[in-house]
S.K.: 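Below you will find the structure I want to go over with you.
Remember, it's 1-based here, ligands and their atoms both numbered in the order they're listed.
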Amino acid sequence: MNWDSLFAARTKHMKRSTVREILKLTARPEVISFAGGLPAPELFPMERIQQATDTVLSERGREVMQYSTSEGMPELRGLIAKRLSSGKFQVNADNILITSGSQQALDMIARVLLDEHDQVAVENPTYVGMLTSWKPFDLQFSAVPTDANGMCVDDLEILLNNAPHKVMYSVPTFQNPQGTTLSRERRQKLAEILVNHNLPFVEDDPYSALRYSGDSVPSILQFEADLRGSTTPEGCVMYCGTFSKTLTPGLRIGWVAAAFPVIDKLVQVKQATDLHTSTLTQFITYEVARDEAFLDGHIAMLRDVYRQRRDLMLQTIEEHFPHEVTWTRPEGGLFLMVTMPPHLDATEILKQALAQDVAFVPGDGFYIGDTGRNTFRLNYSNARPEMIVEGIRRLGVVLKANV
Ligand SMILES: Cc1ncc(COP(=O)(O)O)c(C=O)c1O
């Protein structure tokens, strides 16, 4: 049976995620992996999760084993709404939809907003998981350049003045893959552009709770609402959040915060996709997270550990990488990005690094257009300190042999 001739046309844009394929290569225990976006498993709050599971199963067992509403558990939506509110800006539980990870939110947003050949603006490079999800819609991606302060918003304005775009997608805070953050000034400008053009904007924000240095900046969701003079999310920003990096990714609990008409439409897609996110993991997540003092303390602990790992990686890079190579210096999140001289290809370097039992993700998959081959992404949250030092040292040897 030749299945290839039978698959739908949209599958020609589908391919396995490079990151997930590389993760398979790193399954050997001796490999020091800077490849995945994995949180540190030794920091998962296992005891709390165990207690919460026991509590929900013994106290609400039949309810958690039952079908539940597509919008998600009301108490969990309320808690997320409260944590997103600040000052006059108040998010209501009706503005929240619980999703199976924020990845599902991205996929559903594409399904409610995008038609074939629509123009979509993204920062370049961008999150590869969004590209995997959105490419089958056969879209035209426009690339907005980035620098150390995130997306160059002046270039976005020029782009939008030249051609109407349907949606923009961005990770403004501790971006995946670069770790860079959109500055406060640029957020203000971006909000103005969004309001002027009434451009639907997906703010993908898995990382903002993980800040290790510098001053925190409000979300685009909030900037845009302030500019419109609204105290609730009723504008063009669809904000995607997740418990994957602050609790555990295995629970698969994410959310969208947006204007009610968007939530209403997404609920219709949710009903078609999986009816609702797992009742059990929503209840467990709520049971853990409703103790906000615990949750905040846990996040503070993560920040301390990841800050040390980031600092150690940056310091070791400084010591061992050749001077022809440059890299980003993130204030938070899980990643930094390395740029090698233009003649080097990160996929080739990866082969040599894997021979030394070190892994990373080549950057080209994150880029729109045929560029980024000389870049790669490093994760610093997952490897223990001694592994960070040894892995970066080995990578330095490989790089020095190539530049
Ligand atoms: C920018 C970005 N968006 C979305 C996701 C998906 O996260 P989740 O586990 O919530 O589906 C990730 C995961 O690494 C990410 O980096």
S.K.: Around atom 7 (O) of ligand 1, find the nearest protein heavy atom and jot down its residue, atom name and distance.
M.R.: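 Heavy-atom neighbour on the protein nearest atom 7 (O) of ligand 1: Ser102 OG, 3.3 Å.
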
S.K.: Would you check the N or O atoms of Ser100, main chain and side chain alike, for any that come under 3.5 Å of an N or O of ligand 1?
M.R.: no

S.K.: Counting neighbours of NZ on Lys400 that are heavy atoms of other residues, nucleotides or ligands and sit closer than 6.0 Å, is the number greater than 12?
M.R.: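 Yes, enclosed.
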
S.K.: Identify the closest protein heavy atom to atom 12 (C) of ligand 1: which residue and atom is it, and at what distance?
M.R.: Tyr127 OH, 3.3 Å

S.K.: How far is atom 9 (O) of ligand 1 from the closest protein heavy atom, and which atom is that?
M.R.: Ser244 OG, 2.6 Å

S.K.: Can you list the ligand 1 atoms lying under 4.0 Å from a non-hydrogen atom of Gly101?
M.R.: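 Those of ligand 1 that fall under 4.0 Å from Gly101 are 10 (O), 11 (O).
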
S.K.: Is the shortest side-chain heavy-atom distance between Val171 and Met130 below 4.5 Å?
M.R.: no

S.K.: Would Tyr169 count as being in polar contact with ligand 1, using the rule that some N or O on each side must be under 3.5 angstrom apart?
M.R.: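 By distance alone, the answer is no.
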
S.K.: Have a look at ligand 1 and work out which part of Pro249, if any, has a heavy atom under 4.0 Å from it: side chain, backbone, both or neither.
M.R.: neither

S.K.: Provide the number and element of each atom of ligand 1 under 4.0 Å from a heavy atom of Lys245.
M.R.: 13 (C), 14 (O)

S.K.: With a 6.0 Å cut-off on ring centres, are Phe243 and Trp255 close enough?
M.R.: yes

S.K.: Closest non-hydrogen protein atom to atom 16 (O) of ligand 1, residue and atom name please, with distance?
M.R.: Tyr207 OH, 2.5 Å

S.K.: Parallel, tilted or perpendicular for Phe174 and Tyr212, by the 30°/60° rule?
M.R.: parallel

S.K.: When you compare ligand 1 with Gln104, is there at least one nitrogen or oxygen pair between them that comes in under 3.5 angstrom?
M.R.: no

S.K.: Find all atoms of ligand 1 within a distance of less than 4.0 Å from any non-hydrogen atom belonging to Pro206, and give their numbers and elements.
M.R.: 1 (C), 2 (C), 3 (N), 15 (C)

S.K.: How long is the gap from CG on Leu156 to NZ on Lys189, to the nearest 0.5 Å?
M.R.: 9.0 Å

S.K.: Please report which non-hydrogen protein atom sits nearest to atom 1 (C) of ligand 1, along with the residue it belongs to and the distance in Å to one decimal place.
M.R.: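 Ranking protein heavy atoms by distance from atom 1 (C) of ligand 1, first comes Asp204 OD2, 3.3 Å.
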
S.K.: As an exercise, identify every atom of ligand 1 less than 4.0 angstrom from a heavy atom of Val171.
M.R.: 1 (C)

S.K.: After noting the C-alpha distance and the side-chain angles of Thr277 and Lys270, does the key distance pass the side chain to side chain contact (heavy atoms under 4.5 Å, CB included) rule?
M.R.: CA-CA 9 Å; Thr277 294; Lys270 181 84 180 150; 2.7 Å; yes

S.K.: Give the numbers and elements of all ligand 1 atoms closer than 4.0 Å to a heavy atom of Arg252.
M.R.: 8 (P), 9 (O), 11 (O)

S.K.: Sort and list the pairs that fulfil ring-ring contact (aromatic ring centres under 6.0 Å, His included) and have at least one residue in residues 367-391, not counting sequence neighbours.
M.R.: Phe360-Phe376

S.K.: Side chain to side chain contact (heavy atoms under 4.5 Å, CB included), that's the test. Do Ile98 and Arg77 meet it? Break it down for me.
M.R.: CA-CA 7 Å; Ile98 305 293; Arg77 295 168 72 206; 3.7 Å; yes

S.K.: Hey, is the main chain of His117 close enough, under 3.5 Å, to the side chain of Lys166 for a donor-acceptor pair?
M.R.: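 No, because the side chain of Lys166 does not come within donor-acceptor range (under 3.5 Å) of the backbone of His117.
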
